[in-house]
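Worth saying up front: this structure is predicted, and the values here are computed from it rather than measured. One-based numbering, in listed order, for ligands and for the atoms of each. Values reported hereafter were calculated over all heavy atoms of this structure, with side chains retained and with hydrogens, waters and symmetry mates removed.
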Amino acid sequence: MTFPVIGVVGGGQLARMMAPAATALGVRLRVLAEGADVSATTAAPCVVGDYRDLETLKDFAATVDVVTFDHEHVPAEHLRVLEAAGVNLQPGPEALQYAQDKLLMRQACDRLGLPNPEWAAVATVAELVAAGDRIGWPVVLKTPRGGYDGKGVRVLDSAAQAEDCRDWFALGFEALLVEQKVDFSRELSAQVARTPSGTTASYPVVESVQTDGVCDLVTAPAPGIDPRTAQAAEEAAVTLAEGLGVTGMLAVELFETPGVGPGFMVNELAMRPHNSGHWSMDGAVTGQFEQHVRAVLDLPLGSTDTLGAFTVMKNYLGGANEDLYSAFPTAMAAYPEAKVHAYGKSVRPGRKIGHVNVVAPLAEDLDAAREAAEGAAAIIRDGHRAQNEPGAQPAPDEHDEHQEQR
Ligand code: ADP
């Protein structure tokens, strides 16, 4: 039995969605999960343990052939110990630090000649004010580590607001990142896979709409993007993957800036499959989870050709409907073209619990694909069709809802 075992640190939906891709290839996955009820536990064998504990990581690594990640929060010092002990980490700590620390990431982009917003490292309110005056207000202040989904990001309109950030300077970071508030036309994401042998495979650059700091809607490829911008963004992702020694999937989040530089600036990096790549599960020959599995095993990468003119991915967050499955018949009957994905998570308001992909075979099908993705996601989130839709069922009234809760 030479099929390898991949260990995934972290049991969120990304680990969960690696499981079917691995299984299809006969590869086994083992997950180091944060708890017995996290998303991946019903998809792959899990051991429950604390990823911040070195001994736990060592024990876990001893049971697998390669270790990869569902998130970027494993302490870098632990990863260095594991690496020194010969553990096969993909990506390794040298690469991962640029996804863990936004200050290091900004430095790396400057070094590699990639377009950054104006930025500075600031350790005090006075330094923040000086940097804001130099860059020009408004500015965006970020914690270098630990942020996600917009947590760890503050927009400051003026020097007066800098005073309100004393709490962040007390968090214990050596410095915070302050950067120009970019006047972007939309957000883009460029994904590339890279193997330890150094081969790469790029996906088309996508448009990603963020709502309240959370990825909401992705269209692949980004409609109407200037082909030169798309090409330069793809190349930037490859430059980062090669320059930083990334292995597995890399997502480069970008701001589109028409007419400024190559038409984009780098926002941040993720070294794992990424929400902006979920479309590829149904819209590309090789989905990002299979590609990640191939990459970390140093297998030849799969084709990234698309299966339609566009693919739309709509996330659904926790809403009124607590029994997601009860809405599946309505959603699936209304939108047979929709590919529904659910993460096996309990419903909490605002929590990412699933997504819907719809492929638009032809360019003129894009609007219909978006409507189908949004329509199916809304039914699952709300438990019923929108009131103004033809054939919609009346929403349960308050009385019924209270009955249900009991
Ligand atoms: P997170 O690590 O939480 O994903 P990001 O750095 O991606 O944080 O920032 C979250 C969101 O804040 C971005 O998607 C973007 O909408 C906005 N944002 C971040 N940096 C800037 C910036 N320099 N200029 C304008 N908007 C920004």
Candidates Val122, Leu176, Leu156, Val125 - the one meeting side-chain contact (heavy atoms from CB on, under 4.5 Å) with Cys165: Leu156
Taking atom 18 (N) of ligand 1 as the reference point, the nearest protein heavy atom with its distance: Phe255 CZ, 3.9 Å
Per atom 8 (O) of ligand 1, closest listed option by heavy atom (Lys142, Lys151, Lys102): Lys102
Lys/Arg-Asp/Glu bridge criterion (N-O < 4.0 Å) met for Arg370, Glu374: no
Contact partition for Glu187 relative to ligand 1, non-hydrogen atoms under 4.0 Å: side chain
Sub-4.0 Å atoms of ligand 1 with respect to non-hydrogen atoms of Lys181: 24 (N), 25 (C)
Met265 touching ligand 1 at heavy-atom level, < 4.0 angstrom: no
Test ring pair (Phe, Tyr, Trp, His ring centres under 6.0 Å) applied to Tyr343 and His355, step by step: CA-CA 9 Å; Tyr343 304 156; His355 71 270; 5.7 Å; yes
Qualifying residue for side-chain hydrogen bond (donor to acceptor under 3.5 Å, both in side chains) with Thr247, from Arg194, His292, Gln90: Gln90
Subset of ligand 1 atoms that lie under 4.0 Å from at least one heavy atom of Glu179: 20 (N), 21 (C), 22 (C), 23 (N)
Flag: protein heavy atom within less than 4.0 Å of atom 11 (C) of ligand 1: no
Heavy atom of protein inside 4.0 Å of atom 25 (C) of ligand 1, strictly below: yes
His71 and His73 aromatic ring geometry - parallel, tilted or perpendicular at 30°/60° bounds: parallel
Check ion pair Glu55-Lys58 (N to O, under 4.0 angstrom): yes
Atom 9 (O) of ligand 1: the protein heavy-atom neighbour that sits closest, reported with distance to 0.1 Å: Val153 CG2, 3.6 Å
Note: Arg154-Asp167 ion pair, threshold 4.0 Å (strictly below): yes
Close side-chain approach of Leu112 to Leu244, heavy-atom, < 4.5 Å: yes
Ionic contact status for Lys314 with Asp216, cut-off 4.0 Å: yes
Residue Phe184 vicinity, atoms of ligand 1 by number, heavy atom under 4.0 Å: 25 (C), 26 (N)
Proximal atoms of ligand 1 relative to Gln210 (non-hydrogen, under 4.0 Å): 14 (O)
Taking atom 3 (O) of ligand 1 as the reference point, the nearest protein heavy atom with its distance: Gly150 N, 2.5 Å
Ligand 1 versus Val182: contacting region, heavy-atom distance under 4.0 Å: both
Glu268 neighbourhood, listing ligand 1 atoms whose heavy-atom distance to it stays under 4.0 Å: 1 (P), 2 (O), 4 (O), 5 (P), 7 (O), 8 (O)
Closest to atom 7 (O) of ligand 1 among Asn267, Ile135, Leu269 (heavy-atom distance): Asn267
Distance-minimising heavy-atom pair for Leu171 and Thr143: CD1-CG2, 4.1 Å
